[in-house]
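Okay, so here's the structure we're looking at.
Numbering of ligands and ligand atoms starts at 1, following listing order.
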Amino acid sequence: MSSTDSPLLDATARSLFIDGRWDTADAVLPVVDPATQEPFHEVGLAVASDVERAIDAARRAQPGWAATPASDRGAILRRWSDLVFQHAEELAKIEAQDVGKPLRHAFDNIYFGGSLFAYFGGYADKHFGVTLPTRANDRRGFTQREPLGVCALIIAWNVPTVLAAAELAPALAAGNAVVLKPSEHAPLAPMALAELGRRAGLPDGVLNVVPGFGPDAGAALTSSRRIDHISFVGSTVTGRAIAHAAADLLVPVKLELGGKSPNIVFADADLDAAVPAIVSAITENAGQNCNAGSRLLVESAIYDDVIERVAEQMRSLQIGAWHENLDMGPLINAGQYERVTGYQRIAADEGAKAVTGGIDADAPRPGWFVAPTLFDGVTPEMRIAREEVFGPVLVAQKFDGIDDAVAKAAATEFGLLVSVWTNDITQAFGVADKVKSGQVSVNEHGNTSVVGFPFNVTGESGYNHGGGYNAMNEYTREKAITIRLL
Ligand code: NDP
């Protein structure tokens, strides 16, 4: 079974999407199935000159797109959403095989991505400025929202459809043109999305997609003086470089970076609900999620019980290739495999004990598979307790009471998500109010069903000026206008 049966991939093979057309690229890159380590497709590889052509096209197209009535822009985005849902099966296979995730998890990603085009399609003509009071009757004051111009979008490889849609939809709804650089590790779903955007009626040049290497295609984008905004999803290390590039250009930048998010389990928690969610939070997408629940903080009284139950459930997970549709797939590539197994070694060297999993665990081969791993005996100063692994590796620590939970949760520089498990609302708020985190969940890990939930981040997890319901603010500038009535 292969996702290459998809006609969407025929359109995109060996190509770049520039100015509304699929151009055959001078260089191509094989796309590898992480479960077999075999190439199954080829995409075009953009170099700096291709990025320049994409920016040219975007600059030409943007004024016309901005002048298009917002309701018409919204209608195109809603048609795009319909097409995503109609092609959900093809898209899910493409994302699943490209990243290595089980097909049903890819389906969830496609539906969420498709819903974002519908959400911001509906928002396009409902985003407006304000009328302000004045101190004089002959004055009027108001603000209006305007697109920024051409936006550079650079994304990671782990959830490409969602990451692309979460930026494309608000940026385009607001009247910007965009140049999207997906990761060359997982470029296929964003390319397929572009083909559907073309079919939905996006004018030529409004959307351009240029997969390529970060230091080449990515750097060409972030150093161009013809870019008006940079949105970046990726690691904290690269995010810092992007922030420097944005400072040189003096353009606004949105950074969504790494995480080391804890699940905090109080002694009164409903463990039947908590344990499966905790396991899923670190094994979904093989732990390769920025909001993965990679730390487990458990109140001392129930620590042993929780460790045993989490380990047991991790051992029961079935691991396999994307089309087997089991619980967990492989890591995406050799680099990730080296990184994750490297951290497993570091943890063991630091004195942590693998309750289940670890590098010697019996994992299926070939493919970059790593067994779900739980480390006990972890102390806050260990690297495994503070640094992002980006794999199915969970580290457990004890705590006693709210203050200790908050202190241990704060023992990393990241600030993405904190999840609290308790039936005591005072305890839940005791944590929610005190933790330095962009997002907090109570009795679930991360938002699963709140529409328009802002993906807020802080600390080394990055910064932005709005996501979710607020994302149109990120992609517009507010112009303040005063009028004197003569
Ligand atoms: P990287 O930072 O390595 O890369 C992210 C993107 O930036 C890729 O497209 C990459 O291209 C590109 N890039 C790399 N170097 C440069 C450069 N100098 N200039 C411009 N672009 C560049 O991250 P990963 O792709 O490995 O993704 C994993 C990270 O992403 C994790 O830390 C994870 O937590 C984070 N992430 C954060 C999310 C959030 O919303 N907070 C969501 C998803 C992931 P190339 O592929 O060629 O390297």
Side-chain angles (χ1 to χ4, degrees), residues 29 31 43 45-48 51 98-99 101 109 112-113 152-167 179-187 190 209-224 227 230-246 248-249 253-261 282 284-294 331-340 343 387-391 412-417 437-439 446-447 453-464 467-468 471 474:
L29 195 72
V31 184
V43 285
L45 183 69
V47 295
V51 172
D98 205 356
V99 182
K101 61 183 72 173
N109 296 157
F112 185 48
L153 314 180
I154 299 176
I155 59 170
W157 43 262
N158 55 337
V159 269
T161 300
V162 171
L163 298 182
E167 307 306 330
V179 180
L180 167 67
K181 193 205 86 64
S183 168
E184 85 283 349
H185 300 301
V209 187
V210 285
F213 293 118
D216 186 1
L221 252 184
T222 58
S223 60
S224 170
I227 288 293
I230 302 172
S231 181
F232 173 79
V233 184
S235 63
T236 300
V237 171
T238 313
R240 273 210 177 84
I242 301 283
H244 282 292
D248 283 344
L249 298 176
V253 59
K254 173 187 183 195
L255 301 174
E256 292 188 2
L257 311 175
K260 190 80 178 176
S261 299
I282 191 60
E284 202 267 332
N285 211 10
Q288 301 167 119
N289 286 330
C290 57
N291 57 358
S294 50
L331 300 171
I332 191 166
N333 56 28
Q336 267 295 104
Y337 185 82
E338 291 308 316
R339 176 187 173 92
V340 173
Y343 268 107
E387 299 176 14
E388 183 182 50
V389 175
F390 221 52
T412 78
E413 300 302 321
F414 295 109
L416 203 158
L417 169 65
S437 177
Q439 302 164 45
N447 170 46
F453 191 73
F455 205 86
N456 291 338
V457 288
T458 188
E460 293 211 349
S461 297
Y463 50 78
N464 55 43
E474 175 77 35

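Checking Pro182, Ser183, Gly214 against atom 22 (C) of ligand 1, the nearest heavy atom belongs to Gly214. Atom 1 (P) of ligand 1 has its nearest heavy-atom neighbour, among Ala152, Pro160, Ser235, Gly462, in Ser235. Comparing Thr238, Ile154, Thr222, Val233 by heavy-atom distance to atom 5 (C) of ligand 1, the nearest is Val233. Heavy-atom proximity to atom 32 (O) of ligand 1, evaluated over Glu460, Glu184, Glu388, is greatest for Glu388.
The shortest separation from a heavy atom of Ala241 to ligand 1 is not under 4.0 Å, leaving the residue out of contact. Judged by the shortest distance from any of its heavy atoms, Ile242 lies inside the 4.0 Å radius around the atoms of ligand 1. Using 4.0 Å as the threshold, Ala245 has no heavy atom nearer than that to any atom of ligand 1.
Rounding to the nearest 0.5 Å places CG of Asn158 at 5.5 Å from CG of Leu163.
Nearest non-hydrogen protein atom to atom 8 (C) of ligand 1 is Ile155 O, 3.4 Å. Residue, atom and distance of the protein heavy atom nearest to atom 28 (C) of ligand 1 are Phe390 CE2, 3.6 Å. At the shortest separation from atom 40 (O) of ligand 1 among protein heavy atoms lies Glu256 OE1, 3.0 Å. Protein heavy atom at the shortest distance from atom 26 (O) of ligand 1 is Trp157 NE1, 3.1 Å. From the protein, the heavy atom lying nearest to atom 20 (C) of ligand 1 is Gly218 C, 3.3 Å.
Atom numbering of ligand 1 starts at 1 in the shown order; those under 4.0 Å from a heavy atom of Phe213 are 47 (O). Short contacts between ligand 1 and Gly212, defined as distances under 4.0 Å to a heavy atom of the residue, involve ligand atoms 47 (O). Taking every heavy atom of Ala156 and a limit of under 4.0 angstrom, the matching atoms of ligand 1 come to 25 (O), 27 (O), 30 (O), 44 (C). Close approach to Phe232 involves these atoms of ligand 1, each under 4.0 Å from a residue heavy atom: 2 (O), 5 (C), 6 (C), 7 (O). Numbered from 1 in the order shown, with element, the atoms of ligand 1 that lie under 4.0 Å from a heavy atom of Cys290 read 34 (O), 36 (N), 37 (C), 38 (C), 39 (C), 40 (O), 41 (N), 42 (C), 43 (C), 44 (C). Heavy-atom contacts of Asn158 reach the following atoms of ligand 1: 43 (C), 44 (C) (cutoff under 4.0 Å).
Within the 4.5 Å cutoff, side-chain heavy atoms of Phe414 are placed close to those of Thr236. Between Ile242 and Ile230 the shortest side-chain heavy-atom distance falls below 4.5 Å.
Backbone and side-chain nitrogen or oxygen atoms of Asn289 are examined, and none is located within less than 3.5 angstrom of a nitrogen or oxygen of ligand 1.
The pair Glu167-Lys254 meets the salt-bridge criterion, since a charged nitrogen lies less than 4.0 angstrom from a carboxylate oxygen.
Residues satisfying the side chain to side chain donor-acceptor pair (under 3.5 Å) criterion with Glu474, sequence neighbours excluded, are His229, His465. Contacts of Thr161 classified as side chain to side chain donor-acceptor pair (under 3.5 Å), with partners at least two apart in sequence or in another chain: Glu95.
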Please determine whether salt bridge (charged side-chain N to carboxylate O under 4.0 Å, His left out) holds for the pair Lys260 and Glu460, giving the CA-CA distance in whole Å, both sets of side-chain angles, and the decisive distance to 0.1 Å.
CA-CA 10 Å; Lys260 190 80 178 176; Glu460 293 211 349; over 6 Å; no
